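Heads up: the structure comes next, in structure tokens.
Every value quoted in this text rests on a predicted model; they were computed, and no experiment measured them. The basis for the numbers below is simple: all heavy atoms, side chains too, and nothing from hydrogens, waters or symmetry mates.
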Amino acid sequence: MSVVKSPLSEADLKTVGDALKGALVDLVDLALVAKQVHWNVVGPRFRSVHLQLDEVVDTARQHSDTVAERSSAIGVTPDGRASTVAAQSAIGSVPDGWIKDVDAVRTLVDALGAVIGRMRERIDATEKPDPVSQDILIGLTADLEKHAWMFQAESV
Ligand SMILES: [Fe+2]
């Protein structure tokens, strides 16, 4: 049963719903991973990396809410439960304990790269079925790619 009447056809709804559900999972996990590293980073570049990580958290949290609410608006229930995120995230697990600043930067380059790759697939998949959802995915991917640029610039 769907409480919200969708503006999309059944077939398009499946495609777009899957894209938004996947985007939500990746963004929730990105916020968790960035916070984990924010708390555990050590090394000479502690301060800049520590602060930069919270900018990633802000981006991920803000966009996760937009994505989830877009999902609801088209009649697909968002699923941001921890078990769902753990099972479906694109991001590999972060080791427990302190993490050196260089490893923290590399972790974020990898995490952002994995998420961006899947976001770009979702942008392709939603182009025809729902340009409104695609627009949200494009906007958030631009922000993620900006973060990815900055972490890559620090990893040389
Ligand atoms: Fe903090």
- request: Mind running salt bridge (Lys or Arg N to Asp or Glu O under 4.0 Å) on R106 and E154 for me, showing each step along the way?
  value: CA-CA 9 Å; R106 195 171 309 119; E154 290 167 51; over 6 Å; no
query: Yes or no on side chain to side chain contact (heavy atoms under 4.5 Å, CB included) for D58 and E55, after CA distance, side-chain angles and deciding distance?
result: CA-CA 5 Å; D58 286 346; E55 294 173 7; 5.6 Å; no
message: For D124 and R120: C-alpha separation, side-chain torsions, deciding distance, then whether salt bridge (Lys or Arg N to Asp or Glu O under 4.0 Å) applies.
response: CA-CA 6 Å; D124 284 343; R120 281 191 165 270; over 6 Å; no
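Annotation: side chain of D12 is not in contact with side chain of D130 (no heavy-atom distance under 4.5 Å). No side-chain heavy atom of L24 sits under 4.5 Å from any side-chain heavy atom of K21. Side-chain contact between L53 and F151 is present, with heavy atoms from C-beta onward closer than 4.5 Å. Counting heavy atoms from C-beta outward, S133 and L20 have side chains that approach closer than 4.5 Å.
Although no hydrogens or angles enter the test, the distance criterion places no donor-acceptor pair under 3.5 Å between the side chain of R61 and the main chain of V56. Between the side chain of H63 and the backbone N or O of L140, no donor-acceptor pair lies under 3.5 Å. The closest donor-acceptor contact from the side chain of Q36 to the backbone of L32 lies at 3.5 Å or more, if one exists at all. S6 contributes a side-chain N or O that, together with a main-chain N or O of I74, makes up a donor-acceptor pair within less than 3.5 Å. Put simply, the side chain of T126 gets close to the backbone of R122: a donor and an acceptor are under 3.5 Å apart. In this structure, D29 contributes its side chain and V85 its backbone to no donor-acceptor pair below 3.5 Å. Between the Q134 side chain and the I123 main chain, a donor and an acceptor come within less than 3.5 Å of each other.
The 12-atom threshold is exceeded at CZ of R118, counting heavy atoms of other residues, nucleotides or ligands nearer than 6.0 Å. Counting heavy atoms of neighbouring residues, nucleotides and ligands inside a 6.0 Å radius, atom NZ of K35 exceeds 12 of them.
With respect to V115, the side-chain contact (heavy atoms from CB on, under 4.5 Å) criterion is satisfied by exactly one of D26, V25, T141: D26.
T84 and D79 share a side-chain donor-acceptor pair at under 3.5 Å.
To the nearest 0.5 angstrom, D101 atom CG is 8.0 Å from S48 atom OG. Once rounded to the nearest 0.5 Å, the distance linking CG of D135 with CZ of R70 reads 9.5 Å.
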